[in-house]
Amino acid sequence: MHDVAARPSRLSPLNRRRVANFRANRRGFWSLWIFTTLFLLTLFAEFVANDRPLLVKYDGAYYMPVFKVYPETQFGGEFDTEADYRDPFVVEQIGKNGWIIWPLVPYNYRTVIRELPVPAPSPPSADNWLGTDDQARDVLARLIYGFRISVLFGLTLTILSSVVGVVAGAVQGYFGGWVDLSVQRFMEIWEGMPQLYLLIILSAFVEPNFWWLLGLLLLFEWMALVGVVRAEFLRARNFDYVRAARALGAGDIVIMFRHVLPNAMVASITFMPFILRSSIVALSSLDFLGFGLPPGSPSLGELLAQGKSNIQAPWLGITAFAVLGVMLSLVIFVGEAVRDAFDPRKTFR
């Protein structure tokens, strides 16, 4: 049996040099690890911050409220409704015949804390590490869920806008002529539209939600990659390998997406982290102005708005600003590392 370590790498020498260049950028490399770790932790936010226990042992049986809803009668209560595990009566009943294992943060993003020692917003304490907002909800729990929804929104918008932008740029650059001129004139008009005002007007007709905001922002974000891909296709459409493929009878779709697109993807990949950054900023800005996610949703922009409205509670604005600053800085550092990794001056040095 051959040694696994002796097997040749599946990466080409060019891609191995790109990976080496990325790893050589220590700031970007560690930023990727930190950002990925934070995202994975928030991806399982229900196991980190929740007002339902992870595990309950009662009367010799085990229950997992984080996965399943149990009535209060299951734990010796009187009502058939869902058990409130923060109710002193339910806690006492379970404590008599078992025990409870809580998540690290025993609050959900929508949990209203009624036992605060001071009026909300309350300052950081041993129970609420980052304090509470003006509706008596735990700030740390809302940050965890808000981080997750911001990154998921940004990633989804980045992928969809990149697909649309790459296709539009490929069609423009490959066919050229009146197709290129028509799309360019349309983009010039479309870019001149007041995006924020259009979003505000459309939000007045339909209550915004995750997918509605995604569709609205996609109307404008797709243009980010069009220019880059268009330039690559305009440059490569008359190369010899394209002419040879056309002479051998290959169709336009095959030539565009099998032969020319891989060359254009190098420039596109370097722009994606910056598109992710702008997508996160766009969602946070709309939430800050009150035209973003529905009221009550965990949002970093909404927490910034609370910090603006509650100057007497500086921990709200400082916390939201710090989280957004760290998140966007990590994305920018990763983008710089990716840009350096694909830089031909460093790759072929």
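All of these numbers come straight from a predicted model, not from anything done at the bench.
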* Minimum heavy-atom separation for Ala45 to Ile144, with atom names? ->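 Ala45 and Ile144 have their closest heavy atoms at CB-CG2, 3.7 Å.
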* Measure the acute angle between the ring planes of Trp190 and Phe186, then classify it against the limits of 30° and 60° as parallel, tilted or perpendicular. => parallel
* Specify whether Tyr145 and Tyr109 have parallel, tilted or perpendicular ring planes, treating 30° as the upper limit for parallel and 60° as the lower limit for perpendicular. =>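 Ring orientation, 0 to 90° scale: tilted.
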So how far is it from [X] [atom1] to [Y] [atom2], rounded to the nearest 0.5 Å?
{"X": "Leu216", "Y": "Leu157", "atom1": "CG", "atom2": "CG", "value": "10.5 Å"}
{"X": "Leu330", "Y": "Phe39", "atom1": "CG", "atom2": "CZ", "value": "14.0 Å"}
{"X": "Leu225", "Y": "Ser161", "atom1": "CG", "atom2": "OG", "value": "6.5 Å"}
{"X": "Glu115", "Y": "Ile113", "atom1": "CD", "atom2": "CD1", "value": "7.5 Å"}

* Any side-chain hydrogen bond (donor to acceptor under 3.5 Å, both in side chains) involving residues 53-63? Give me the pairs, sequence neighbours left out, ordered by first then second residue. => Tyr63-Gln74
* Only pairs at least two apart or in different chains count here, so list each salt bridge (Lys or Arg N to Asp or Glu O under 4.0 Å) that has a residue in residues 209-238. =>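 Sorted pair list: Asp180-Arg230, Glu232-Arg235.
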* Asked: What salt bridge (Lys or Arg N to Asp or Glu O under 4.0 Å) pairs are there with at least one residue in residues 141-160, not counting sequence neighbours?
  ->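 Applying salt bridge (Lys or Arg N to Asp or Glu O under 4.0 Å) to every pair that reaches into residues 141-160, excluding sequence neighbours, yields Glu46-Arg148, Asp133-Arg142, Arg142-Glu302.
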Would you say the side chain of [Y] lies within less than 4.5 Å of the side chain of [X], judging by non-hydrogen atoms?
{"X": "Phe29", "Y": "Phe333", "value": "no"}
{"X": "Trp99", "Y": "Val56", "value": "no"}
{"X": "Trp315", "Y": "Pro121", "value": "yes"}

* Asked: Is Glu82 salt-bridged to Arg52, going by a charged N under 4.0 Å from an acidic O?
  -> yes
